[in-house]
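Worksheet: one structure, shown below.
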Protein chains: 2
Amino acid sequence: MGVAGHGSIPSSIPSPELLEEFSQFFRLLSEPARLQLLCHLRQGSADVASLIEATGFSQSHISRQLSQLQRAGLVTCDRDGVRLIYRADTELVEELCHLVQTRMKQRLQQQLDQLQAV
Amino acid sequence: MGVAGHGSIPSSIPSPELLEEFSQFFRLLSEPARLQLLCHLRQGSADVASLIEATGFSQSHISRQLSQLQRAGLVTCDRDGVRLIYRADTELVEELCHLVQTRMKQRLQQQLDQLQAV
DNA sequence: GGCTGCTATGACCATACACGCATACAACGT
DNA sequence: ACGTTGTATGCGTGTATGGTCATAGCAGCC
């Protein structure tokens with residue numbers, strides 16, 4: 001799964017290590033708070049205070065989530081005096097969400113079609 | 001994020017409900033056991049007994065994971081006498097994993113480049 | 001150096017969920 | 001109807017993690 005690239009020859013089972021990498025990445029995106037932070041940072045870089053204002057999460061919570069996102073390479077930060085300015089590269093996550101959303105729409109449409117065929 | 005489609009005009013923050021849908025979907029994929037089951041079913045439909053043999057997970061565990069995947073529309077099953085034959089449609093998950101894997105490779109390559117630039 | 005503002009992190013608690021054991025449920029054959 | 005096989009589900013346990021409060025650590029100013 002996800003080994004051979006899109007549309008090319010299917011290959012064997014991915015290694016446990018690779019599956020673990022995948023699961024960890026998806027786990028990162030499974031938490032709404034982190035998705036929300038990425039949404040806000042997508043619009044422009046921000047410091048923690050403005051993320052607190054934008055999301056309502058506590059300072060410590062935000063700091064921890066950002067730390068996780070940073071470790072995974074989804075956000076980076078620079079210092080501006082006492083402030084840390086966080087910046088996200090959301091391209092991958094946007095694409096993932098787009099694919100998921102498209103699929104959800106398709107499923108809903110199928111269900112709708114089935115109901116209307118009754 | 002993931003609202004406007006790939007490459008088109010960025011739009012505003014997705015609704016909390018949509019974010020929740022995304023997080024739930026990613027949570028589904030965050031569990032290695034479920035990824036592993038999808039890997040096996042990608043290769044062909046299977047009953048629980050053969051999935052037990054292939055993965056080493058217990059019968060009850062597999063049954064539960066399949067139940068979750070089924071509820072999300074990622075697997076379906078048909079009865080063959082006392083047996084249930086499960087089948088997965090892994091196209092979306094394969095694509096997601098491919099994107100994640102590509103990104104991981106890019107990151108590793110960057111880190112390697114940086115080390116070699118020292 | 002002391003003080004202030006900003007952020008990271010220690011410690012703790014509550015909750016979700018993975019996972020196993022036991023058993024209920026479904027299907028089939030006799 | 002009974003017994004067997006295959007699978008779903010109740011129940012309980014252990015662990016990870018979300019989230020808060022308190023405080024340590026960082027940066028800047030006087």
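As the structure is a prediction and not an experimental result, all values here were calculated from the model.
- Within 4.0 Å of S58(B), counting heavy atoms only, lie sugar-phosphate atoms of the nucleic acid but no base atom.
- Rounded to whole angstrom, the span from the CD1 atom of I85(A) across to the P atom of dC6(C) amounts to 11 Å.
- Here Q68(A) reaches the OP1 or OP2 of dG18(D): one of its side-chain N or O atoms lies under 4.0 Å away.
- A perpendicular orientation is assigned to the rings of H61(B) and F57(B), their planes being inclined by more than 60° (bins at 30° and 60°).
- Residues I85(B) and L41(B) fall into different hydrophobic clusters, defined by Ile, Leu, Val, Met, Phe, Trp and Tyr side chains chained together at heavy-atom separations under 4.5 Å.
- The interatomic distance linking Q65(A) (CD) with dA16(D) (C1') rounds to 14 Å, in whole Å.
- Side chain of R64(B), nearest nucleotide from dA8(D), dC21(C), dG18(D): dC21(C).
- Per the geometry, CZ belonging to R79(B) stands 8 Å off P belonging to dT7(D), to the nearest Å.
- In this structure, H61(A) atom NE2 and dC13(C) atom C1' are separated by 15 Å, rounded to whole Å.
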side-chain contact (heavy atoms from CB on, under 4.5 Å) assessment of L84(B) paired with D47(B): CA-CA 6 Å; L84(B) 291 175; D47(B) 63 355; over 6 Å; no

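- Side-chain proximity of R27(B) to dA27(D), dT7(D), dC17(C): nearest is dC17(C).
- The side chain of R34(A) lies closest to dG18(D) when the candidates are dG18(D), dT20(D), dA8(C).
- The pair E31(B)-R27(A) meets the salt-bridge criterion, with a side-chain N (NZ, NE, NH1 or NH2) lying under 4.0 Å from an Asp/Glu carboxylate O.
- Both L66(B) and S30(A) lie near DNA chain D, and the one whose nearest nucleotide falls closer to the 5' end is L66(B).
- The base of dC21(C) sits with one of its N or O atoms less than 3.5 Å from a complementary donor or acceptor on the side chain of S60(B).
- For the pair L69(B) CG and dA8(D) P, the computed distance is 12 Å after rounding to whole Å.
- Closest to the S63(B) side chain, of the nucleotides dT7(D), dG20(C), dG5(C), is dT7(D).
- Between the CG atom of L84(B) and the P atom of dC25(C) there is a distance of 17 Å, rounded to whole Å.
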